[in-house]
Amino acid sequence: MISISIDGPGGAGKSTIAKALAKKLGFIYVDTGALYRAIGLYMINNGVDLKNAAAVTEKLDEVKVELKYVNGEQRVLLCGDDVSEDIRKPEVSMAASDVSAIPAVRDFLLGLQRKMASENNVIMDGRDIGTVVLPNAQIKLFLTASAEERAMRRYKELIEKGKKVEYETVYKELCERDYQDSHREVAPLKPADDATIIDTTGNDLEKSVQVLTDFILPKLEK
Ligand code: DC
């Protein structure tokens, strides 16, 4: 099986680019952030203090997270319910970042991610895919862009969805999450030593997909 890891901070365009690439290559796209989001959502819905690692860890016993593919689109099931839309709410982003710093949560999701990669050719996006989840991935990328541009992309996405948000708030939350994700003790956000870093600042989506396709295709043909 072939694995391609795409790590990087929020808003770097990982998911949109990875989705387009997966389609081109006939690979399965695995959005691992969605798994952490599902756990964050469960903890919010059950009134668990997200900063209390012991409380979150205890509650994990009740959680069942599954990935399902419908017409090539990833759906996330939380205890049997499709929560693919609910996990995109802005408040779930920070909750996902909070629970993702808890070692038991990371362990809980590790097996599922590795199983997906052992059974399928995957493009997997996240924060620690190249460093921890799939250290033997054949191709490792680290996608980034300036914080201002990432926040602007997020802001536009939310506005397009009809959400009332301020750019300043989106920017502040993004920086907070970047800091939290890259400073946690377990599996922090960082490029693997053997990852290629690609900066998408100034690129539109089409251009970024092209840059990554040009990078990946020759490697797969070898
Ligand atoms: O990619 P995303 O914004 O949907 O991820 C939500 C949060 O989940 C992110 O802030 C950190 C966490 N995460 C992680 O710790 N490891 C991953 N592989 C993917 C996401």
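Read the numbers this way: they start at 1 and go in the same order the structure lists the ligands and their atoms.
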K.L.:
Please tabulate, one pair per line, all N/O donor-acceptor pairs under 3.5 Å involving side-chain atoms of residues 10-24, not counting sequence neighbours.
P.N.:
unit_1: Lys14; atom_1: NZ; unit_2: Gly8; atom_2: O; d: 2.9
unit_1: Lys14; atom_1: NZ; unit_2: Pro9; atom_2: O; d: 2.9

K.L.:
Is a salt bridge present between Asp178 and Arg154, judged by a nitrogen-to-oxygen distance below 4.0 Å?
P.N.:
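No, Asp178 and Arg154 are not salt-bridged.
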K.L.:
With the threshold set at 4.0 Å, does a side-chain nitrogen-carboxylate oxygen contact exist between Glu119 and Lys115?
P.N.:
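Salt bridge: yes.
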K.L.:
Under 3.5 Å, side-chain donor or acceptor atoms of residues 135-144 against the rest of the protein: list the pairs with distances, not counting sequence neighbours.
P.N.:
unit_1: Gln138; atom_1: OE1; unit_2: Ser3; atom_2: N; d: 2.8
unit_1: Gln138; atom_1: NE2; unit_2: Met1; atom_2: O; d: 3.1
unit_1: Lys140; atom_1: NZ; unit_2: Gly130; atom_2: O; d: 2.9
unit_1: Lys140; atom_1: NZ; unit_2: Pro135; atom_2: O; d: 2.7
unit_1: Lys140; atom_1: NZ; unit_2: Asp194; atom_2: OD1; d: 3.1
unit_1: Lys140; atom_1: NZ; unit_2: Asp194; atom_2: OD2; d: 3.3

K.L.:
Name all pairs fulfilling the side-chain hydrogen bond (donor to acceptor under 3.5 Å, both in side chains) condition that reach into residues 202-212, sequence neighbours left out, sorted by first residue then second.
P.N.:
Gln210-Asp214
K.L.:
Using a strict cut-off of under 4.0 Å between a residue heavy atom and any atom of ligand 1, list the qualifying protein residues by chain and number.
P.N.:
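Heavy-atom contacts below 4.0 Å: Thr32, Gly33, Tyr36, Arg37, Ala96, Ser97, Ser100, Arg106, Gly126, Arg127, Asp128, Ile129, Arg177, Asp181, Arg184.
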K.L.:
Between Glu157 and Arg153, is there a salt bridge with N-O shorter than 4.0 Å?
P.N.:
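Looking at Arg153 and Glu157, the cut-off is not met.
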